[in-house]
A.B. asks: 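Below you will find the structure I want to go over with you.
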Amino acid sequence: MATSNDIVTATKVQEEQNVLISEREIFDQCGPVHLTAIDWENVAHRRSVAASLVQGVYILERDKQEKRKGSQALAPPWWRHFQFELYRVLVDDVDSCIFGAIYKFAPSKSYFGGSKDNNQRFVIAFRGTLTKGDAFSRDIQLDVHILRNGLHQTSRFETAIQAVRHVVATFGSSSIWLAGHSLGAAMAMLAGKTMAKTGVFLDAFLFNPPFLSAPIERIKDKKVKHGIRFATSVITAGLAFAAKHKNVNNQSGDTFVALSAWTPCLFVNPSDPICAEYIGYFEHREKMDTMGAGVIEKVATQHSLGGLVLNFMGKECDEPLHLIPSANLTVNLTPPSDFKGAHGIHQWWKPDLLVESKKHQFT
């Protein structure tokens with residue numbers, strides 16, 4: 001589970017990164033400079049661009065904090081290298097920090113010589129938690145809202161979803177991406193789910209998205225791990241059937257099925273406790289189907305055990321953010337040196353990245 005201890009650990013890691021101007025903020029030293037022309041059909045190119053644009057949001061806020069303007073600003077190369085321009089910044093109305101940005105693909109005529117796609121394209125990107133400056137306390141509050149399944153009730157999300165709806169209404173949905181990292185991935189996922197419920201399916205690139213569950217993926221013994229997941233599935237499915245029979249208020253199942261046509265791209269690292277549970281979440285479905293218990297898992301995967309228990313107790317429980325029917329799951333198999341390497345956005349544009357990708361479609 002992405003517990004409070006995990007979030008504190010992530011916070012400390014990010015705090016260390018923010019002490020001085022890090023080379024990670026400078027595109028020419030850390031960014032994917034090897035990408036001189038983008039093939040939009042290349043999954044590695046798409047992943048690298050999306051991650052870089054998210055990094056651009058981080059650096060926009062850091063530039064603001066450090067009063068870096070004009071030629072001193074470090075953020076612009078993170079989008080200009082890919083022929084994007086900054087269309088709009090998204091500002092939190094509580095602390096006035098920059099938490100997101102809307103980018104517009106605006107390539108030069110010469111750029112078309114290497115690019116296979118000159119269609120109009122917009123990317124709406126959201127950063128994760130920053131621990132330096134005025135953004136710190138507000139970001140931590142939102143991290144807590146994720147743990148409580150209350151992100152949809154925040155004014156930051158309201159600003160985000162209004163921006164998404166505006167871009168979709170103005171330019172259409174066919175060439176719009178959502179992208180985010182950590183807290184920002186949760187924001188992008190919630191925005192994507194919200195739009196999908198209305199029949200608008202946006203491409204989404206979600207890096208290290210938080211998964212709220214018991215930390216089963218940390219268990220090394222595969223038999224024990226599977227045993228726990230199997231027992232949890234049986235109990236969850238049983239409670240879901242009982243809730244339906246007793247007409248207990250629980251809308252997770254109906255919402256889950258409605259979202260099945262939306263297939264966001266999830267990027268996770270098995271060494272990152274914030275997001276690692278997505279690996280077992282999808283793998284367990286296949287194992288249950290192989291065992292002949294697919295019907296049980298089909299019901300169980302649509303519900304949160306904790307949410308069902310609360311509903312039986314007569315308490316309202318918001319839909320867990322991490323419940324998602326379908327996804328293109330990409331796992332970074334490159335061993336990280338530390339938690340910073342496992343959770344950081346920087347891992348996702350490395351040219352030598354060893355990944356394993358699989359599409360999981362709920363039917």
Side-chain angles (χ1 to χ4, degrees), residues 1-4 6-7 10 54 99-100 124-129 139-161 164 178-198 200-202 204-217 232 236 250-260 262-268 272-282 285 300-311 315-329 343 360 362:
M1 172 183 181
T3 64
S4 57
D6 293 328
I7 290 177
V54 172
F99 72 89
I124 307 170
F126 306 99
R127 65 165 176 81
T129 303
D139 287 351
I140 293 298
Q141 288 176 7
L142 291 164
D143 288 332
V144 173
H145 277 292
I146 293 175
L147 293 172
R148 296 177 176 175
N149 292 320
L151 188 61
H152 63 289
Q153 298 173 333
T154 65
S155 61
R156 180 180 291 189
F157 176 69
E158 184 60 30
T159 300
I161 194 61
V164 173
L178 299 175
H181 173 246
S182 195
L183 166 61
M187 192 78 66
M189 178 178 287
L190 184 54
K193 290 176 74 172
T194 301
M195 297 302 293
K197 291 175 185 177
T198 68
V200 177
F201 304 107
L202 301 176
F205 297 80
L206 311 176
F207 302 98
N208 303 81
F211 189 104
L212 306 181
S213 177
I216 303 173
E217 198 61 28
T232 301
T236 302
N250 190 315
Q251 300 179 347
S252 292
D254 294 337
T255 300
F256 197 87
V257 174
L259 290 173
S260 59
W262 183 52
T263 312
C265 297
L266 274 58
F267 302 91
V268 304
D272 178 12
I274 301 294
C275 64
E277 287 302 313
Y278 274 109
I279 300 172
Y281 176 70
F282 286 109
R285 290 190 200 175
T301 195
Q302 301 179 40
H303 300 273
S304 162
L305 179 57
L308 287 168
V309 171
L310 288 174
N311 285 328
K315 297 181 179 179
E316 294 232 354
C317 181
D318 293 312
E319 174 191 333
L321 181 61
H322 66 269
L323 289 182
I324 185 169
S326 307
N328 284 306
L329 183 67
H343 186 68
H360 299 271
F362 182 82

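Residues: numbered from 1 along the sequence shown. From a predicted model like this one, the values you see are computed outputs, not experimental measurements.
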A.B. asks: Taking all non-hydrogen atoms of both residues, which atom of P209 and which atom of L266 are closest, and how far apart?
C.D. replies: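 Scanning both residues, the minimum pair turns out to be CG-CG, 4.2 Å.
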
A.B. asks: Atom CG of L142 and atom CG of L147: how far apart are they, to the nearest 0.5 Å?
C.D. replies: 11.5 Å

A.B. asks: Between the side chain of T159 and the main-chain N/O of S155, is any donor-acceptor distance below 3.5 Å?
C.D. replies: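 Pair found, side chain donor or acceptor close to backbone of S155.
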
A.B. asks: Taking W262 for its side chain and S326 for its backbone only, find out whether a donor-acceptor pair lies under 3.5 Å.
C.D. replies: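 It does not hold such a pair.
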
A.B. asks: Strictly under 6.0 Å, is that where the ring centroids of H322 and F211 end up?
C.D. replies: yes

A.B. asks: Rounded to the nearest 0.5 Å, how far does OH of Y278 lie from CG of L329?
C.D. replies: 10.0 Å

A.B. asks: Quick check: closest heavy atoms across F157 and L151, and the distance to 0.1 Å?
C.D. replies: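 Taking every non-hydrogen atom into account, CB-O, 3.4 Å.
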
A.B. asks: How many angstroms lie between CZ in F99 and OG1 in T129, if you round to the nearest 0.5 Å?
C.D. replies: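 If we round to the nearest 0.5 Å, F99:CZ and T129:OG1 are 13.5 Å apart.
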
A.B. asks: Looking at every non-hydrogen atom in both residues, tell me the closest pair between G128 and S182 and how far apart they are.
C.D. replies: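 Nearest heavy atoms, G128 then S182: CA-CB, 4.4 Å.
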
A.B. asks: Report yes if some heavy atom in the side chain of P264 is under 4.5 Å from a heavy atom in the side chain of M189; otherwise report no.
C.D. replies: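 Contact flag for P264/M189 side chains = no.
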
A.B. asks: Run the side chain to side chain contact (heavy atoms under 4.5 Å, CB included) test on V268 and E277 for me, step by step, so that the C-alpha distance in whole Å, both residues' side-chain angles and the decisive distance to 0.1 Å come before the verdict.
C.D. replies: CA-CA 9 Å; V268 304; E277 287 302 313; over 6 Å; no

A.B. asks: Starting at CD1 of I161, measure out to CE of M195 and round the result to the nearest 0.5 Å.
C.D. replies: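 Nearest 0.5 Å value for the CD1-CE distance: 5.5 Å.
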
A.B. asks: If you compare all heavy atoms of L206 against all heavy atoms of A188, which two are closest, and at what distance to 0.1 Å?
C.D. replies: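 That closest heavy-atom pairing would be CD2-CB, 3.5 Å.
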
A.B. asks: Do P210 and L321 make a side-chain contact, defined as non-hydrogen atoms from C-beta onward lying under 4.5 Å apart?
C.D. replies: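 The answer is no, as the side chains (C-beta and beyond) never meet within the 4.5 Å cut-off.
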
A.B. asks: Before giving the answer on side chain to side chain contact (heavy atoms under 4.5 Å, CB included), spell out for T154 and Q141 the whole-Å C-alpha distance, their side-chain angles and the decisive distance to 0.1 Å.
C.D. replies: CA-CA 10 Å; T154 65; Q141 288 176 7; over 6 Å; no

A.B. asks: Report the C-alpha distance between L183 and H145 in whole Å, list the side-chain angles of each, state the deciding distance to 0.1 Å, and finish with yes or no for side chain to side chain contact (heavy atoms under 4.5 Å, CB included).
C.D. replies: CA-CA 10 Å; L183 166 61; H145 277 292; over 6 Å; no

A.B. asks: Taking the side chain as every heavy atom from C-beta outward, state whether T194 and V164 have any pair of such atoms under 4.5 Å apart.
C.D. replies: no

A.B. asks: Taking atom CZ of F201 and atom CG of L259, what is their separation to the nearest 0.5 Å?
C.D. replies: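 If we round to the nearest 0.5 Å, F201:CZ and L259:CG are 8.0 Å apart.
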
A.B. asks: What heavy-atom pair brings P325 and F282 nearest, and what distance separates the two atoms?
C.D. replies: O-CE2, 4.1 Å

A.B. asks: Check H181 against H343 and note the closest heavy-atom contact, atom names and distance.
C.D. replies: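 Answer, listing the atom of H181 first, then H343: NE2-O, 2.6 Å.
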
A.B. asks: Please walk me through it: do Y281 and L323 pass side chain to side chain contact (heavy atoms under 4.5 Å, CB included)?
C.D. replies: CA-CA 9 Å; Y281 176 70; L323 289 182; 4.0 Å; yes

